[in-house]
Amino acid sequence: MKIITLLSDFGSFYPAQMKGVLLTRLADKAQDIAFVDIAHDIPPQDVRAGAFALLSSVRYFPTGTIHIGVVDPKVGTERLGLVVESGGQIFVGPDNGLLLPAARSLCTPGNFPQAYRIASFEGLGSAPASNTFHGRDVFAPVAALLALGKSPAGMGPRVRPNDLNFGEAKKTDRGVEATIIYVDGFGNLILNMRKLPAFPVKLMGVKLKRVRTYAQARRIEPLITLGSHGFAEIAVNEGNAAEAFCLKAGDRIELEEI
Amino acid sequence: MKIITLLSDFGSFYPAQMKGVLLTRLADKAQDIAFVDIAHDIPPQDVRAGAFALLSSVRYFPTGTIHIGVVDPKVGTERLGLVVESGGQIFVGPDNGLLLPAARSLCTPGNFPQAYRIASFEGLGSAPASNTFHGRDVFAPVAALLALGKSPAGMGPRVRPNDLNFGEAKKTDRGVEATIIYVDGFGNLILNMRKLPAFPVKLMGVKLKRVRTYAQARRIEPLITLGSHGFAEIAVNEGNAAEAFCLKAGDRIELEEI
Amino acid sequence: MKIITLLSDFGSFYPAQMKGVLLTRLADKAQDIAFVDIAHDIPPQDVRAGAFALLSSVRYFPTGTIHIGVVDPKVGTERLGLVVESGGQIFVGPDNGLLLPAARSLCTPGNFPQAYRIASFEGLGSAPASNTFHGRDVFAPVAALLALGKSPAGMGPRVRPNDLNFGEAKKTDRGVEATIIYVDGFGNLILNMRKLPAFPVKLMGVKLKRVRTYAQARRIEPLITLGSHGFAEIAVNEGNAAEAFCLKAGDRIELEEI
């Protein structure tokens, strides 16, 4: 059984075209494949949000899983296409940092992510690669080759990939400054902080109750917790923090010590 | 072939983590599993809407299907996790009523739904269960055990589960009062009424044409019909009833006799 | 391995009911089936948008694929249900033109799409077909029969199906007039033009840069390109053309020669 996951900002129907390409190329091996859609509603061209969704998901997949990630504002330019191997899983997508936080999260001491450039886009299919949809015309065919047993190193020369990090929350005079990486479907604000502040904090003058679980706050009470993804998260119990504070992904906020 | 369905209010990428956990634990049995996503766009924490979507779907699945339902505002509190068996299908999720209407709908005379408490959250995985995501850390591992053959009764002691009902439309002086259970993607308003009123009705002064099928109404004409799910439904032919009447799930309405 | 795709305007949870019906009827053959969701977020009752999504996707699927398409404003009326065979793929859905552009796109010289009327809705299941959900009650059972080996011609008499075309862009005094077929998730405007205008153009007074790939335009610069689907497409690099020009599917626009 081989698992192929897909993550993109494509929204509707383009992911199905990638699956059609994969199933066509896998032919009678298609029976051994399970597709899992991680997300296709990443905000358009938000590489950082896509990287977060991938990072927080890959640890739940077994060895051998192939992840195709496509949030690719520079498609059709000279940016490289990559295959990255880390911790027994394989990543395929553009060289813009999207894949790297997830790949790094799987590394073990002495075993760092290995990245290979997809050397030739032309040999991958009968049709020439479109200039606007490498997910279907390059990355899906590459993933099919990998699923059929081709080694990542066989795809092209080793390269040093572009990385992406979520930054680090910074100490300020009044507390700590952080960036919102992602706003999830509940309106929870996920911050670039791997642990909770050491002190009680307020946001825009409103105290955030420090809890282990949403329901420890009262109804509509703002809170801060360490989310299941391992990042600090601001939420409103049974409410929507993004709406309540009028914040969105990419915004910087200051958590003031109380 | 074993079918596992998933229903949640998670929106993006958390359902994929549940599938990763399931596939990892099923290992070489994963080949015999088919995942079906029922819905992940249940309005956040709207247990009633989730219960409706589950209720209206389970009758179309074969014996042996395992349904994981997670709309869980009280995650991390003392609320129980349940396994419920009914009519040859199995349900896994929180003890907040989400699973019960669906489970009851499959019962046969003398065979009522049997509910079991998930006795220990700790034995289910190598990592400690997060306080905010039991779908991934508790219910998915339990569903994997069930798919591998563990019996529902083996999960813990029998309990009397919390139930949920959609209420009943009530006779009023002027007609009948009902609650909107669900607003579907077409803006159709699904009511807590299992049959149409016995008399012609109007809503907010507007006559609702009684039809068997949307197209029996004129274009943009409001109508009432018995939906394919077995509940009365207010629609606007080729239009959007929720927008036209400015109504949403949870609203109470009065259908006045004409 | 048999692939069954699904396309609809159903949004949430109704597609899962179709899959439940299919899996139930395929029984022990279900193991050989792969479902691929093409899209379920087609704008409600927008047959043309559904036809475009299907047309642009089917070429990526292998011979033998069965496509169920349901955008069906006239459900429950006398409109026919169809099975269409073309280029080795099979289409199931309403006779309203939804399936035809995709089916025609697969034809080869001398092998035109063959359409058959679904002769009897009654023999398909134990329950009577609902008047509002033929996707689940008619088309899914028909697709199950086809997946189990029944021939399209065995479903009913040959008929001449209703067709749909996207029109043709027209030459005007000042340039060319086109219709927006589809607005994708990036806000890109897909036009009913199979090639780019032969001359430089502006839209609403704004010059559209003619590019092969989005990134050839500057940030927030409007552009026109031949999309990966083979239709001309107006986009704003790293922006949203539908919002920038306040346009939507169905709108007619004039591209003026500069």
Side-chain angles (χ1 to χ4, degrees), chain A residues 1 4 6 8-35 37 39-47 70-79 94 96 125-138 140-141 144, chain C residues 1-7 9 11 31-43 49-50 52-65 67 89 182-188 211-217 219 223 225-230 233 235-240 243:
Chain A
M1 192 74 182
I4 299 178
L6 300 97
S8 77
D9 58 353
F10 293 155
S12 188
F13 85 80
Y14 297 115
Q17 298 180 7
M18 295 173 65
K19 292 178 191 168
V21 167
L22 281 154
L23 291 166
T24 301
R25 293 180 179 238
L26 291 165
D28 58 337
K29 305 284 187 198
Q31 203 127 8
D32 302 324
I33 297 293
F35 291 128
D37 292 296
H40 296 294
D41 62 351
I42 300 300
Q45 309 180 328
D46 188 339
V47 176
V70 197
V71 181
D72 194 10
K74 301 295 180 201
V75 62
T77 66
E78 295 301 306
R79 74 102 184 85
N96 61 10
S126 43
S130 79
N131 288 302
T132 53
F133 193 178
H134 283 191
R136 181 190 66 207
D137 299 335
V138 177
Chain C
M1 192 74 182
K2 188 64 113 182
I3 300 164
I4 299 178
T5 82
L6 300 98
L7 172 136
D9 59 353
Q31 203 127 9
D32 302 324
I33 296 293
F35 290 130
V36 176
D37 291 297
I38 293 185
H40 295 294
D41 62 351
I42 301 300
F52 170 75
L54 199 58
L55 163 64
S56 66
S57 299
V58 296
R59 82 193 72 167
Y60 302 103
F61 286 86
T63 298
T65 299
H67 304 280
Q89 300 190 36
Y182 199 90
V183 177
D184 76 13
F186 297 93
N188 299 337
V211 297
R212 275 183 315 102
T213 179
Y214 307 130
Q216 289 178 331
R219 197 163 175 281
L223 62 92
T225 191
L226 200 64
S228 68
H229 33 65
E233 181 178 321
V236 171
N237 188 30
E238 302 188 37
N240 184 308
E243 287 178 9

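Lettering follows sequence order; numbering is per chain, from 1. What you are looking at is a predicted structure, and each value in this text was computed from that prediction instead of being measured.
- Phe52(C) is listed as a side-chain neighbour of Phe13(A), based on a closest heavy-atom distance under 4.5 Å.
- Gly76(A) approaches Thr213(C) most closely through the heavy-atom pair CA-OG1, 3.4 Å.
- At distances below 3.5 Å, not a single donor-acceptor pair connects side-chain atoms of Ser12(A) with backbone N or O atoms of Gly185(C).
- In this structure, the side chain of Arg136(A) engages the main chain of Ser228(C) through a donor-acceptor pair within 3.5 Å.
- Neither the backbone nor the side chain of Asp41(A) has a heavy atom closer than 4.5 Å to any heavy atom of chain C.
- For the atom pair CD of Gln216(C) and OG1 of Thr77(A), the computed distance is 9.5 Å after rounding to the nearest 0.5 Å.
- Listed here is the closest heavy atom pair of Gly239(C) and Gln45(A): N-OE1, 4.4 Å.
- Only the side chain of Tyr14(A) has a heavy atom closer than 4.5 Å to any heavy atom of chain C.
- The shortest distance between side-chain heavy atoms of Phe186(C) and Asp9(A) falls below 4.5 Å.
- Contact count versus chain A (heavy atoms, under 4.5 Å) is highest, among Asp184(C), Thr63(C), Val58(C), for Asp184(C).
- The minimum heavy-atom distance linking Phe61(C) with Thr24(A) is given by the pair C-OG1, 3.8 Å.
- Across all their heavy atoms, Gly227(C) and Thr132(A) have their closest contact at C-OG1, 4.3 Å.
- Using modelled atom types, one side-chain atom of Gln17(A) and one backbone atom of Ser56(C) make a donor-acceptor pair closer than 3.5 Å.
- For chain A, the nearby part of Ile3(C) is the side chain; its heavy atoms alone come within less than 4.5 Å.
- Note that OH of Tyr60(C) and CG of Leu22(A) are 13.5 Å apart. Values are rounded to the nearest 0.5 Å.
- For residues 13-22 of chain A, the set of pairs meeting the salt bridge (charged side-chain N to carboxylate O under 4.0 Å, His left out) definition, not counting sequence neighbours, comprises Lys19(A)-Asp37(A).
- Taking 4.5 Å as the heavy-atom cut-off, the residues of residues 26-34 of chain A that approach chain C are Ala30(A), Gln31(A), ordered by number.
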